[in-house]
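Just below is one structure, and these are the notes that go with it.
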Amino acid sequence: MIPLSVPNLSGNEWKYIKDCLDTNWVSSVGSYVDRFENSLVEFTGAKYAVSTVNGSAALHISMLLAGVEQDDHVILPNITFVASANTVTYLKASPIFIDIDPDTWQMDLDLLENYLNTETEIINDQCRSKKDGRIIRCIMPVHVLGNMCDMERLMKIANKFYLKVVEDATESLGSYFNKKHSGTFGDFGCVSFNGNKIITTGGGGMILTNDESLAKKAKHITTQAKSDPFEYVHDEIGYNYRLVNILAAMGLAQMEQLKGFLDHKNKLYNVYIEKLKNVPGFKTQKISEHVLPNHWLQTFQFERAVELMKYLNELKIQVRPFWVPMNQLSMFKQQPYISKNDNSSKIYHTCVSLPCSTNLNEEDQLKVIDAILSFYKK
Ligand SMILES: *Cc1c(COP(=O)(O)O)cnc(C)c1O
């Protein structure tokens with residue numbers, strides 16, 4: 001089988017994890033946690049990085065610290081992985097979904113701006129929905145597939161409307177806008193190290209921030225909010241959201257290989273584009289101006305996408321559809337969906353994600369390409 005996107009563990013993973021086992025530092029304390037966090041600070045240019053048990057936990061805590069409360073709204077794109085929207089509800093807030101740009105597949109900033117201009121009002125430096133009077137506290141751009149929207153424009157809009165910004169950068173480690181790393185524009189940026197992401201710790205996440213006090217709060221609240229080094233005194237409700245030392249050790253080994261992974265992703269992407277450009281309906285995600293993407297997951301539009309997926313999966317080439325748009329999921333059907341042309345739905349019905357692991361070799365990639373070409377010859 002040729003898998004979609006699997007871990008590539010060809011560096012120091014064994015060595016560092018063995019070090020944890022040999023020294024008995026396997027759990028919540030140990031030097032690899034700090035080293036892994038520092039490696040993200042170094043790579044992304046964020047001032048602070050706080051590791052978490054997964055990307056969802058990073059989003060949850062970031063929104064909590066951004067001040068999202070019960071009955072607030074959080075704005076996010078309608079095309080994303082469900083975790084972005086789920087974590088909003090963990091705070092008893094509710095999402096407002098903005099349709100995507102049909103070319104870049106990121107949140108449509110024209111729609112966003114128009115919505116904020118016409119459907120909200122500013123009262124006492126807070127943005128409120130005219131419809132239900134609730135506060136829109138926060139906006140969550142999701143850097144879908146490693147592309148990004150115009151982050152400078154988004155930050156301007158957010159400032160104008162008093163919105164906190166939590167970037168869902170779970171898919172965009174190694175992506176830049178104007179040479180600035182994703183996840184370092186907003187109040188917080190959240191990274192994921194799930195098994196299918198560009199680097200993995202099995203499961204893991206990271207909160208990026210440039211604010212020292214927010215970084216300290218994030219560390220505190222993800223480690224049970226213990227306020228005394230000896231006694232069990234806790235000064236607020238905390239969470240057990242820390243990343244354990246074993247996994248941080250794996251993460252550090254993965255970070256050492258990230259540059260090579262990015263090169264490989266880029267190479268695979270260019271081969272797909274070159275060889276598939278004449279296939280019926282073939283279209284790529286348009287990379288936004290000023291964005292250097294990580295090409296994490298390689299998703300393209302095709303004619304007869306559903307049939308193509310069936311054909312490839314039968315040949316043991318693992319391919320996947322795009323996520324069902326958030327407004328179509330049963331638990332979010334009642335939430336506002338701001339759209340003119342429902343681009344989300346069109347993209348969803350035509351997109352196929354192709355195998356693009358960082359250890360996918362040339363021969364296997366050509367098998368995938370040949371299979372696609374033969375499907376359209378039939
Ligand atoms: C992977 C992902 C997450 C969640 O990360 P986990 O580490 O799996 O919790 C959130 N949002 C998006 C867009 C993702 O792709």
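Each ligand, and each atom within it, is numbered from 1 in the order the structure gives.
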| request: Can you pull out the closest protein heavy atom to atom 11 (N) of ligand 1? Residue, atom name and distance to 0.1 Å, please. | output: Asp168 OD2, 2.8 Å
| query | Within 45° of the six-membered ring axis of Phe185 and under 6.0 Å from that ring's centre, is NZ or CZ of Lys180 located there? | reply | yes
| note | Under 4.0 Å from one or more heavy atoms of Asn54, ligand 1 contributes atoms 7 (O), 9 (O)
| task | Can you sort out which atoms of ligand 1 are near Val142, meaning under 4.0 Å from one of its heavy atoms? | result | 13 (C)
| message | Tell me if the aromatic rings of Phe375 and Tyr311 count as close, with their centers under 6.0 Å from one another. | response | yes
| Salt bridge Glu314-Lys310, side-chain N to carboxylate O under 4.0 Å | yes
| request: Would you mind running through ligand 1 and noting each atom that sits below 4.0 Å from a heavy atom of Phe81? | output: 2 (C), 3 (C), 12 (C), 13 (C), 14 (C), 15 (O)
| query | At the 4.0 Å heavy-atom cut-off, does Ser84 count as touching ligand 1? | reply | yes
| message | Please report whether ligand 1 has a polar contact with Trp296, defined as an N or O pair separated by less than 3.5 Å (distance criterion only). | response | no
| request: Return yes if some donor-acceptor pair links the side-chain N/O of Ser39 with the main-chain N/O of Leu252 below 3.5 Å, else return no. | output: no
| task | Quick one: look up the protein heavy atom nearest atom 5 (O) of ligand 1 and list residue, atom name and how far away it is. | result | Ser192 OG, 3.3 Å
| message | Is the distance from the ring center of Tyr239 to that of His60 below 6.0 Å? | response | yes
| Less than 3.5 Å between some nitrogen or oxygen of Trp323 and one of ligand 1, yes or no? | no
| task | Using distance alone, determine whether Lys197 and ligand 1 share an N or O pair under 3.5 Å. | result | yes
| query | Under the 6.0 Å and 45° cation-pi test, does Arg137 pair with Tyr162? | reply | no
| message | Give me the nearest non-hydrogen protein atom to atom 9 (O) of ligand 1 as residue plus atom name, then the distance to 0.1 Å. | response | Ser56 OG, 2.6 Å
| said: Tell me if the centroids of the rings in Tyr376 and Phe282 come within less than 6.0 Å of each other. | reply: no
| request: Write out the residue and atom name of the closest protein heavy atom to atom 12 (C) of ligand 1, then the distance separating them to 0.1 Å. | output: Thr170 OG1, 2.9 Å
| request: Using distance alone, decide if ligand 1 has a nitrogen or oxygen within less than 3.5 Å of any nitrogen or oxygen in Gly55. | output: yes
| field | Residues Gln224, Tyr232; criterion side-chain hydrogen bond (donor to acceptor under 3.5 Å, both in side chains); working and verdict | value | CA-CA 10 Å; Gln224 301 287 26; Tyr232 289 95; over 6 Å; no
| said: Nearest 0.5 Å, please: how far is OG in Ser357 from NZ in Lys265? | reply: 6.5 Å
| said: Distance under 4.0 Å to a non-hydrogen atom of Thr80: what atoms of ligand 1 satisfy this? | reply: 13 (C)
| query | Taking atom types as modelled and ignoring hydrogens, do the side chains of Asn341 and Asn343 form a donor-acceptor contact shorter than 3.5 angstrom? | reply | no
| By number and element, which atoms of ligand 1 are closer than 4.0 Å to a non-hydrogen atom of Ala83? | 3 (C), 4 (C), 10 (C)
| request: Quick one: look up the protein heavy atom nearest atom 15 (O) of ligand 1 and list residue, atom name and how far away it is. | output: Glu171 OE2, 2.6 Å
